[in-house]
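Atoms considered below: every heavy atom in the structure, side chains included; atoms not considered: hydrogens, waters and symmetry mates. The structure displayed is predicted, hence computed values, not measured ones.
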Amino acid sequence: ALWNSLFLGVIVSVVATAIGLPTAIALTRYRMPGGGAIASALMLPLIVPSIVFAVALLVILVRILGVQLSLWTVGAAHVFLALPFSVMVLMSRLEGFDRSLEEASRDLGENAWGTFRRVTLPLAWPGVISSLLMCFIISFDEFVMAFFLSGTDPTLPVFLFGQLRFPNKLPGVLALGSLILVVSAVLV
């Protein structure tokens, strides 16, 4: 279960940040019609309780699409849940530096990809690292979506919840839960 949670946390953090960076760039750099509606829809997982999304995803995946529950379904749900955090962290970082640096790079003959690679990404790097850490912690600690969508491969929170049924394992479960809380707080 620990390996599943670590694997899932790394994959989710990389995917959510990889999706969040261009989304944050688009929302901060360009005025597009419906940008406010897109940003609002993107932030829905912050407002709607995760149990509502978990049940909805369970019904959609199993009943409508016929997908087998696995770590991949949990990963997709965790990306959905972590994406607003990634976009918010990256948007705040992208808003914080001077756009004239990018304009100067373009004026000096660099193409869009070169400007991104040599100017934007190094300036946004602290936000990218923060996004990776936040998304990892969100995925590693998420219980509700993993409980509904995990199938036969439990994550660590689901495993710990299952161990609460056995009174003789309670001290170990509490100690592990406290350790996870401390490590999560240090990473955040």
Would you say the side chain of [Y] lies within less than 4.5 Å of the side chain of [X], judging by non-hydrogen atoms?
{"X": "Leu6", "Y": "Phe136", "answer": "yes"}
{"X": "Leu2", "Y": "Phe140", "answer": "yes"}
{"X": "Arg93", "Y": "Pro126", "answer": "yes"}
{"X": "Phe166", "Y": "Val173", "answer": "no"}
{"X": "Met43", "Y": "Val87", "answer": "yes"}
{"X": "Ile137", "Y": "Leu133", "answer": "no"}
{"X": "Arg118", "Y": "Ser105", "answer": "no"}
{"X": "Val128", "Y": "Leu121", "answer": "yes"}

Mark yes or no for whether [X], through its side chain, and [Y], through its backbone, hold a donor-acceptor pair below 3.5 Å.
{"X": "Ser139", "Y": "Cys135", "result": "no"}
{"X": "Ser5", "Y": "Leu156", "result": "yes"}
{"X": "Thr23", "Y": "Ile19", "result": "yes"}
{"X": "Ser92", "Y": "Val89", "result": "yes"}
{"X": "Ser13", "Y": "Val10", "result": "yes"}

Would [X] end up clustered with [Y] when hydrophobic side chains under 4.5 Å apart are linked, directly or stepwise?
{"X": "Ile60", "Y": "Val79", "result": "yes"}
{"X": "Leu179", "Y": "Val186", "result": "no"}
{"X": "Leu181", "Y": "Phe159", "result": "no"}
{"X": "Ile64", "Y": "Leu58", "result": "yes"}

Non-hydrogen atoms of [X] and [Y] that approach each other most closely:
{"X": "Leu94", "Y": "Ala124", "answer": "CD2-CB, 3.9 Å"}
{"X": "Leu90", "Y": "Gly20", "answer": "CD1-C, 3.6 Å"}
{"X": "Ala77", "Y": "Leu57", "answer": "CB-CD1, 3.7 Å"}
{"X": "Pro45", "Y": "Leu42", "answer": "CD-O, 3.4 Å"}
{"X": "Ser131", "Y": "Ser86", "answer": "OG-OG, 2.8 Å"}
{"X": "Ala39", "Y": "Leu27", "answer": "CB-CD1, 4.2 Å"}

Nearest 0.5 Å, please: how far is [atom2] in [Y] from [atom1] in [X]?
{"X": "Glu95", "Y": "Arg29", "atom1": "CD", "atom2": "CZ", "value": "7.0 Å"}
{"X": "Met145", "Y": "Ile138", "atom1": "CE", "atom2": "CD1", "value": "11.0 Å"}
{"X": "Leu81", "Y": "Leu46", "atom1": "CG", "atom2": "CG", "value": "8.0 Å"}

Any pair counted as side chain to side chain donor-acceptor pair (under 3.5 Å), so long as it reaches residues 144-166, sequence neighbours left out: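 Qualifying pairs, neighbours excluded: Gln163-Lys169.
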Residue pairs involving residues 55-77 (criterion side chain to side chain donor-acceptor pair (under 3.5 Å); sequence neighbours excluded):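 Of all non-adjacent pairs touching residues 55-77, none passes side chain to side chain donor-acceptor pair (under 3.5 Å).
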Is it true that atom [atom1] of [X] has more than 12 heavy atoms of other residues, nucleotides or ligands lying nearer than 6.0 Å?
{"X": "Phe147", "atom1": "CZ", "result": "no"}
{"X": "Ile51", "atom1": "CD1", "result": "no"}
{"X": "Phe143", "atom1": "CZ", "result": "yes"}

side-chain contact (heavy atoms from CB on, under 4.5 Å) evaluation trace for Phe116 with Leu21: CA-CA 11 Å; Phe116 173 75; Leu21 184 58; 3.6 Å; yes
Ring geometry between Phe80 and Phe53 (parallel below 30°, tilted from 30 to 60°, perpendicular above 60°):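 Phe53 and Phe80: perpendicular rings.
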Val74 and Val12: CA distance, side-chain angles, deciding distance, side-chain contact (heavy atoms from CB on, under 4.5 Å) verdict: CA-CA 10 Å; Val74 176; Val12 165; over 6 Å; no
CA sep, side-chain torsions, deciding dist, call: Asn4, Val158, side-chain contact (heavy atoms from CB on, under 4.5 Å): CA-CA 11 Å; Asn4 288 342; Val158 174; over 6 Å; no
